[in-house]
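Given the structure is predicted, the values throughout are model-derived calculations rather than measurements. Position 1 is the first residue of the sequence; numbering continues from there.
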Amino acid sequence: MLDTVADVSSRVVVVGFVISMVAGLPILALRRLNWEKTDQAFKPLFEKLRLFQEPQPGTVRVTYTVYQGVLFWVTHTTITVHGPIEDIGIFLWRCLWFSLSRGILAHGGLLIPFVLLPSLWIQLRSVRHQSTELNKEEQGAWPALSDAHFDEVASVTAEEYLLPWGAIIQAIIAAVIGIALILKVITAYAMRDTADLSMYVWFGIIGVAIWSGLTFMTNLTR
């Protein structure tokens with residue numbers, strides 16, 4: 001019984017990895033590329049914040065570079081905005097998380113924190129310096145963000161909350177590969193045959209990551 005489970009799970013992991021690399025990865029790269037050309041890619045950075053392209057009374061200025069990418073493909077975008085000190089602080093931390101979560105899987109992505117953290121420190125120091133140059137009237141020009149009022153967007157329909165079939169299929173593929181990987185690990189240790197286990201683990205992790213990424217991108221681009 002264990003032999004059968006081990007054999008089937010091994011085949012599923014390998015086939016899943018091959019399909020992921022041949023079909024899933026190119027589709028994921030294309031979707032990411034098309035998505036990042038739209039304003040939707042950066043929407044989470046500005047949502048519910050008082051940010052402007054031009055300076056306003058009582059605002060400070062920051063310039064920060066964000067990174068996105070998958071494997072050998074990576075993009076970087078430099079953003080310059082003006083806003084109240086509270087909003088700018090939130091914006092900078094959002095930019096850091098944005099790059100860590102969406103650029104860490106890119107080529108050289110592990111080096112991104114060593115670039116972003118010093119840049120974040122420089123910008124936060126710049127904000128503190130700019131804040132000392134504001135007079136009392138300018139410092140009180142903006143209420144606390146919690147007291148700010150934003151126009152509510154009422155254009156969301158019920159259908160937009162439904163998970164599209166494409167995302168469901170991709171999530172199922174990711175789940176099948178993940179379950180097969182778990183069964184492979186369990187049977188390998190039960191049978192005390194872990195010679196090639198690390199290879200299957202990497203195949204499974206890559207397959208799950210690609211199809212999970214496709215599920216995520218399908219929801220973003222629908």
Side-chain angles (χ1 to χ4, degrees), residues 28-29 31-70 73-158 160-161 212-213 215-222:
L28 177 60
R31 285 187 180 175
R32 282 294 296 266
L33 180 60
N34 292 332
W35 175 69
E36 290 181 9
K37 291 180 180 179
T38 68
D39 294 336
Q40 293 297 316
F42 303 103
K43 184 178 179 181
L45 300 178
F46 308 103
E47 193 171 17
K48 297 298 183 182
L49 293 180
R50 299 163 295 185
L51 301 174
F52 311 93
Q53 291 185 334
E54 300 296 332
Q56 306 290 325
T59 62
V60 294
R61 175 183 181 274
V62 292
T63 299
Y64 201 76
T65 300
V66 292
Y67 297 83
Q68 303 181 83
V70 178
W73 174 76
V74 63
T75 64
H76 57 87
T77 304
T78 301
I79 304 173
T80 300
V81 294
H82 300 79
I85 296 173
E86 182 182 4
D87 300 63
I88 288 293
I90 296 174
F91 168 75
L92 287 173
W93 285 105
R94 283 183 181 179
C95 287
L96 176 64
W97 173 247
F98 182 92
S99 296
L100 291 178
S101 60
R102 301 186 184 183
I104 203 71
L105 294 179
H107 176 61
L110 294 178
L111 299 177
I112 286 179
F114 298 98
V115 176
L116 295 177
L117 291 175
S119 178
L120 176 66
W121 180 79
I122 292 172
Q123 291 301 316
L124 289 175
R125 187 176 67 171
S126 174
V127 169
R128 288 194 297 269
H129 177 71
Q130 294 178 65
S131 66
T132 60
E133 298 179 346
L134 299 176
N135 57 45
K136 290 185 178 180
E137 183 179 350
E138 290 174 328
Q139 291 177 0
W142 299 92
L145 185 59
S146 58
D147 298 329
H149 297 285
F150 297 92
D151 294 333
E152 292 188 4
V153 179
S155 60
V156 179
T157 61
E160 288 182 277
Y161 291 105
S212 297
T215 304
F216 177 68
M217 288 306 303
T218 299
N219 289 328
L220 285 178
T221 55
R222 73 181 190 273

Peer 1: May I have the step-by-step check of side chain to side chain contact (heavy atoms under 4.5 Å, CB included) for I79 and F46, ending in yes or no?
Peer 2: CA-CA 11 Å; I79 304 173; F46 308 103; 4.0 Å; yes
Peer 1: Using modelled atom types and a 3.5 Å cut-off, is there a donor and acceptor pairing between side-chain atoms of R94 and backbone atoms of E47?
Peer 2: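 A pair under 3.5 Å: yes.
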Peer 1: What's the separation between atom CD in E86 and atom CD1 in I88, rounded to the nearest 0.5 Å?
Peer 2: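 E86 atom CD to I88 atom CD1 measures 11.5 Å (nearest 0.5 Å).
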Peer 1: So do T59 and L51 actually touch side chain to side chain, heavy atoms under 4.5 Å?
Peer 2: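 No, too far: nothing below the 4.5 Å cut-off.
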Peer 1: To check you understand the geometry: which heavy-atom pair defines the closest contact between L45 and F91, and what is its length?
Peer 2: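 Looking at all heavy atoms of both residues, the shortest contact is O-CD1, 3.5 Å.
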Peer 1: Is the backbone of Q53 close enough, under 3.5 Å, to the side chain of H82 for a donor and an acceptor to pair up by distance?
Peer 2: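 Confirmed, H82 side chain pairs with Q53 backbone.
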Peer 1: Say whether, by atom type as modelled, one donor and one acceptor occur between the side chain of Q123 and the main chain of T63 under 3.5 angstrom.
Peer 2: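 Present.
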Peer 1: What's the shortest heavy-atom distance between F52 and G83, and which atoms?
Peer 2: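 Minimum heavy-atom contact is CD1-CA, 4.5 Å.
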Peer 1: Looking at SG of C95 and CG of L100, how far apart are the two atoms once the value is rounded to the nearest 0.5 Å?
Peer 2: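 Here the rounded value is 11.0 Å.
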Peer 1: L92 and side chain to side chain contact (heavy atoms under 4.5 Å, CB included): which single residue from D87, L116, V81, V62 fits?
Peer 2: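 Output: one option passes, namely V62.
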